[in-house]
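Below: the structure, in structure tokens.
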Protein chains: 2
Amino acid sequence: MDNTIHLNHLRTELKKFVSFSDAEWEIFKQYLEFRHYEKKEFFAVPDKVCDHMGFILRGAMRYFHVREGIEITGYFSFENELVSAYKSFLTRRPNTNYIQAIEKTTLILISKKNFELMENNPAIAFKIEQFGRRIAEYYICCYEDRVASFIIQSPEERYLDMQKNAGEIFLRIPQHYVANFLGITPVSLSRIRKRTLKVHA
Amino acid sequence: MDNTIHLNHLRTELKKFVSFSDAEWEIFKQYLEFRHYEKKEFFAVPDKVCDHMGFILRGAMRYFHVREGIEITGYFSFENELVSAYKSFLTRRPNTNYIQAIEKTTLILISKKNFELMENNPAIAFKIEQFGRRIAEYYICCYEDRVASFIIQSPEERYLDMQKNAGEIFLRIPQHYVANFLGITPVSLSRIRKRTLKVHA
DNA sequence: TTAAAACGTTAACAAAAGATAAGGTTTTGA
DNA sequence: TCAAAACCTTATCTTTTGTTAACGTTTTAA
């Protein structure tokens with residue numbers, strides 16, 4: 001099977017982090033693997049080290065914790081985004097949550113081992129450091145906003161913001177997952193929806 | 001004034017991110033500046049680009065938003081920690097919150113300009129990429145935990161965790177700042193304290 | 001195709017948090 | 001030193017959220 005199209009797509013998408021030269025890309029792409037996940041299949045589970053980072057070609061992933069037997073969804077990733085239990089990936093320590101495909105999903109994977117091989121390969125080491133840095137910096141910016149939303153906004157405001165800025169999510173994600181993401185229960189989100197609906201009607 | 005002791009201290013503390021060789025350190029330290037902040041002086045303000053990253057030699061900093069005229073505290077940094085309006089620093093776009101000294105504070109600063117000069121200096125560029133990467137990765141791990149606490153825990157649980165893991169903070173920081181940090185109002189924190197006190201008494 | 005599971009809403013009640021204001025203590029700064 | 005400001009607690013009332021359970025609809029999987 002020829003994955004050239006997908007690899008070129010990846011190269012384009014990664015430009016928001018870093019631009020690979022042709023020579024660097026030839027090396028880089030040798031360290032990649034493709035993997036398909038069926039719906040509900042796990043990318044990461046608690047108590048195991050997450051040793052891959054993935055780029056989502058197609059599909060969607062859900063991050064969730066289990067607390068007293070109940071799943072609590074913390075995050076989602078979609079097409080053209082990265083997916084990883086980042087802290088576990090970086091520290092090589094056991095992960096604490098689940099990451100699960102919520103649709104049929106295709107990933108391009110880089111293993112921690114391959115990452116380190118590239119870090120030690122002088123032909124590409126510098127670019128890989130840049131790559132790792134830009135990814136981390138990108139997610140820091142996202143996290144800064146997310147934490148601010150918990151500090152500054154009420155659940156209702158977070159919901160309205162999300163509806164405005166990421167409305168497509170509601171078309172793909174069950175609402176009770178979204179509720180957890182906003183830091184509230186599904187019942188509470190249902191009430192917020194009823195409340196805010198009347199304002200616009 | 002001789003700052004050798006402080007620079008050596010910085011070099012030691014930065015080892016948790018990256019180790020500079022003697023030659024690299026000689027270059028690196030030339031790009032640093034010392035700056036003193038009086039209590040209540042600002043390190044960063046809204047609508048201006050934050051163009052420095054600081055290392056706290058002594059003192060403490062508070063991050064806060066202003067919303068409808070009210071200050072809402074989002075974070076603190078103390079001795080041997082870094083301080084920056086990171087998103088603004090990275091993206092060169094206007095900052096959205098205040099960062100203020102809450103005690104007499106001494107920082108060692110790196111400007112964005114000097115950071116970029118080092119990134120373009122072959123003698124130290126690689127080490128600087130590593131440095132920037134490790135800092136970002138370190139903060140990602142902190143953020144992952146912080147967001148999880150908002151998703152998984154109740155305000156009361158966040159308070160008890162904080163008391164257990166960062167109890168010293170309560171000795172230096174007014175309680176109503178801590179309340180915001182936990183995502184609640186000062187009145188609510190006061191009630192939580194009263195509630196949880198009885199459990200231990 | 002069909003039974004089971006998943007999902008969203010609603011209701012009722014309890015628990016917690018927000019808003020506002022008042023009071024007493026401590027800290028600050030002129 | 002002394003008045004003003006900052007701070008924490010408490011009280012009251014309102015609003016919101018959590019919890020549990022029920023119901024009807026939709027989706028899933030055998």
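By convention in this document, chain letters (A, B, ...) are assigned in the order of the sequence lines, proteins followed by strands, and residues within each chain are numbered from 1.
To the nearest angstrom, P of C/dG18 lies 14 Å from CD of A/Q153. Rounded to an integer number of Å, the gap from B/R195 CZ to C/dA15 P is 11 Å. A straight line from NZ of A/K104 to C1' of D/dA29 spans 14 Å, rounded to a whole angstrom. For B/I70 and C/dA19, the CD1 to P distance is 8 Å, given to the nearest whole Å. At whole-Å resolution of the value, CZ in B/R67 and P in C/dG18 are 13 Å apart. Distance, A/L171 CG to C/dC7 P: 16 Å, rounded to whole Å. Rounded to whole Å, the distance from CD on B/E156 to P on C/dG18 is 13 Å. Atom CD1 in B/I192 sits about 12 Å away from atom C1' in C/dA15, given to the nearest Å.
In plain terms, the two heavy atoms of B/A85 and B/I99 that are nearest each other are N-CD1, 3.5 Å. When all heavy atoms are compared, the tightest approach of A/F89 to A/S84 is CB-OG, 3.6 Å.
OP1 or OP2 of C/dG18 has at least one side-chain nitrogen or oxygen of B/S188 nearer than 4.0 Å. A sub-4.0 Å separation between OP1 or OP2 of C/dA17 and a side-chain N or O of B/R158 is absent. Taking only side-chain nitrogens and oxygens, B/R191 never comes nearer than 4.0 Å to OP1 or OP2 of D/dT12.
Figure legend: B/R35 and B/Y37 shown as a cation-pi pair, the cationic atom lying under 6.0 angstrom from the six-membered ring centre and within 45 degrees of its axis.
Neither side chain, A/R158 nor A/S149, offers a donor N or O lying under 3.5 Å from an acceptor on the other.
Heavy atoms of B/P155 sit under 4.0 angstrom from primed sugar atoms or phosphate atoms, though from no base atom.
A salt bridge between A/E144 and B/K87 is absent, with no side-chain N of the basic residue lying under 4.0 Å from a carboxylate O of the acidic one. Taking a cutoff of 4.0 Å between a charged side-chain nitrogen and a carboxylate oxygen, B/E168 and B/R172 do not qualify as a salt bridge.
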What one-letter contact string describes nucleotides 3-8 of chain D from 5' to 3', where B marks a base within less than 4.0 Å of any protein heavy atom, S marks contact via sugar-phosphate atoms alone, and - marks no contact?
----SS
Using a cut-off of 4.0 Å between protein heavy atoms and nucleotide atoms, how would you tag nucleotides 20-27 of chain D 5' to 3' with B, S and -?
B-------
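Between B/F64 and B/F42, the angle of the ring planes lies from 30° to 60°, which puts this pair in the tilted group.
Evaluation of the ring-ring contact (aromatic ring centres under 6.0 Å, His included) test over residues 173-192 of chain B, restricted to residues two or more places apart or in two chains, returns B/F76-B/F181.
Picking from C/dT10, C/dG18, D/dA11 the nucleotide with the shortest atom distance to the side chain of A/K194 gives C/dT10.
Exactly one residue among A/F126, A/F28, A/Y138 makes a ring pair (Phe, Tyr, Trp, His ring centres under 6.0 Å) with A/F131. That residue is A/F28.
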